[in-house]
Amino acid sequence: MADDSDTSTTAKASRDGGVQSLRRAFELLEHLADTGGEASLSELAASSGLPMPTIHRLIRTLVALGYVRQNSNRRYALGARLIRLGENASMQFGTWARPLLAELVEEVGETANLAVLERDEVVYVSQVPSKHSMRMFTEVGRRLLPHGTGVGKAILSQLPADEVRALLKRTGMPAYTAHTLTDPDEMLAQLDKIAAQGYAVDESEQELGVRCVAVPLTGTPAPAAISVSGPEGRLTKEAVSRIAPAVQRIAATLSAHLAGEDLSA
């Protein structure tokens with residue numbers, strides 16, 4: 001008969017093994033997302049460094065649960081069951097961020113937005129409108145290509161250049177207005193400037209007469225950015241220099257919250 005210490009050791013090993021399997025399963029889902037949503041088992045083995053038997057076992061479980069599906073070409077893709085989780089997580093993220101966006105609106109007087117990068121598009125997940133009768137409105141849930149938006153450029157400024165080039169090649173760079181950047185080299189040069197100064201400016205690139213100041217969140221699980229947008233008549237170039245530090249401060253606070261830092265210290 002095993003003594004208490006043997007039982008305790010066995011239980012701990014079982015718990016540790018379960019936690020490790022759970023961590024590896026989530027890592028596989030993230031590796032699958034990083035590949036664009038579809039990969040072979042050998043590609044997952046190369047990117048994750050896990051042994052093939054382990055990947056086989058985890059993938060079988062994820063397929064059975066609906067979080068991964070096997071395509072007819074025998075490659076694996078993210079499953080439909082993740083859609084509900086992702087949509088609810090985005091909505092909760094947006095709801096949770098609203099008080100900070102409201103604080104930003106109170107300070108600068110213009111509409112504040114929060115957007116995340118999903119696949120190759122920016123998705124607006126929260127907005128607090130300005131109190132002005134003439135104000136900017138972007139429907140929550142709206143999806144746009146990142147090259148023509150302030151939040152999109154802010155997010156792209158945090159990504160490696162080769163990833164940005166690949167994304168722009170996949171999406172193309174359609175011109176929304178005469179001011180939209182449509183050349184990848186010009187975009188990459190501007191992204192370097194954005195990274196250096198810490199914020200992006202949309203100069204009527206998505207919609208004529210609208211200016212936007214956007215700042216990326218940092219250290220977050222998914223690429224995201226917040227922005228302030230308004231008509232050019234109020235959100236002048238001079239006003240940008242006043243507003244940008246406020247947007248940066250709120251972005252830093254939100255980033256710290258997401259990273260789980262203790263802000264009371």
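The figures that follow rest on heavy atoms only: side chains count, while hydrogens, waters and symmetry mates do not.
- If you chain together ILVMFWY residues whose side-chain heavy atoms come under 4.5 Å of each other, L145 ends up grouped with Y176.
- Listed by first and then second residue, the salt bridge (Lys or Arg N to Asp or Glu O under 4.0 Å) pairs involving residues 60-77 are E38-R75, E43-R75 (not counting sequence neighbours).
- Under a hydrophobic-cluster definition in which Ile, Leu, Val, Met, Phe, Trp and Tyr are linked whenever side-chain heavy atoms come within less than 4.5 Å, directly or via other members, I55 and L65 are assigned to the same cluster.
- Among residues two or more places apart in sequence or in another chain, the side chain to side chain donor-acceptor pair (under 3.5 Å) test is passed with Q70 by Y76.
- Between I226 and the choices L254, L100, V213, the side-chain contact (heavy atoms from CB on, under 4.5 Å) rule is met once, by L254.
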Side-chain donor-acceptor pairs under 3.5 Å in residues 191-199, sequence neighbours left out?
residue, atom, partner, partner atom, Å
Q197, NE2, Y199, O, 2.8

Validation: residues 147-157 side-chain donor-acceptor distances under 3.5 Å, sequence neighbours left out:
residue, atom, partner, partner atom, Å
H147, NE2, P174, O, 2.8
T149, OG1, P146, O, 3.4
T149, OG1, G152, N, 2.9
K153, NZ, Q190, OE1, 2.6
K153, NZ, V201, O, 2.9
K153, NZ, E205, OE1, 2.9
K153, NZ, E205, OE2, 3.0
S157, OG, A154, O, 2.6

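- Listed here is the closest heavy atom pair of L58 and S21: CD2-O, 3.8 Å.
- Note: M187 CE to T180 OG1 = 8.5 Å, rounded to the nearest 0.5 Å.
- For R143, the salt bridge (charged side-chain N to carboxylate O under 4.0 Å, His left out) test picks out E118, E121, with sequence neighbours left out.
- Residue pairs meeting the salt bridge (Lys or Arg N to Asp or Glu O under 4.0 Å) criterion with at least one partner in residues 237-256, sequence neighbours excluded, are E107-R249.
- With rounding to the nearest 0.5 Å, the separation of OG in S227 from CZ in R211 is 14.0 Å.
- Considering NE2 of H56 and CG of L41, their distance stands at 5.0 Å, rounded to 0.5 Å.
- By the salt bridge (charged side-chain N to carboxylate O under 4.0 Å, His left out) test, E103 pairs with no residue at all, sequence neighbours left out.
- T218 meets the side chain to side chain contact (heavy atoms under 4.5 Å, CB included) test with Q158, S255; sequence neighbours excluded.
- Here CG of L28 is found 5.5 Å from CG of L50. Values are rounded to the nearest 0.5 Å.
- Summarising the geometry, atom OG belonging to S130 is positioned 10.5 Å from atom CG belonging to L235; distances are rounded to the nearest 0.5 Å.
- Every residue two or more places apart in sequence or in another chain that forms a side chain to side chain donor-acceptor pair (under 3.5 Å) with S204 is listed here: E232.
- A donor-acceptor pair is defined here as one N or O able to donate and one able to accept, closer than 3.5 Å; such a pair exists between the side chain of R98 and the backbone of Q127.
- The side chain to side chain donor-acceptor pair (under 3.5 Å) check on S42 picks up S40, with sequence neighbours excluded.
- Here the CG atom belonging to N113 is positioned 6.0 Å from the OH atom belonging to Y124, to the nearest 0.5 angstrom.
- Within the structure, every pair that satisfies the salt bridge (Lys or Arg N to Asp or Glu O under 4.0 Å) test and touches residues 160-186, not counting sequence neighbours, is listed here: D120-R170, R165-D185.
- Criterion: ILVMFWY side-chain heavy atoms under 4.5 Å apart, direct or through other members. Under it, L208 and M173 are not part of a common hydrophobic cluster.
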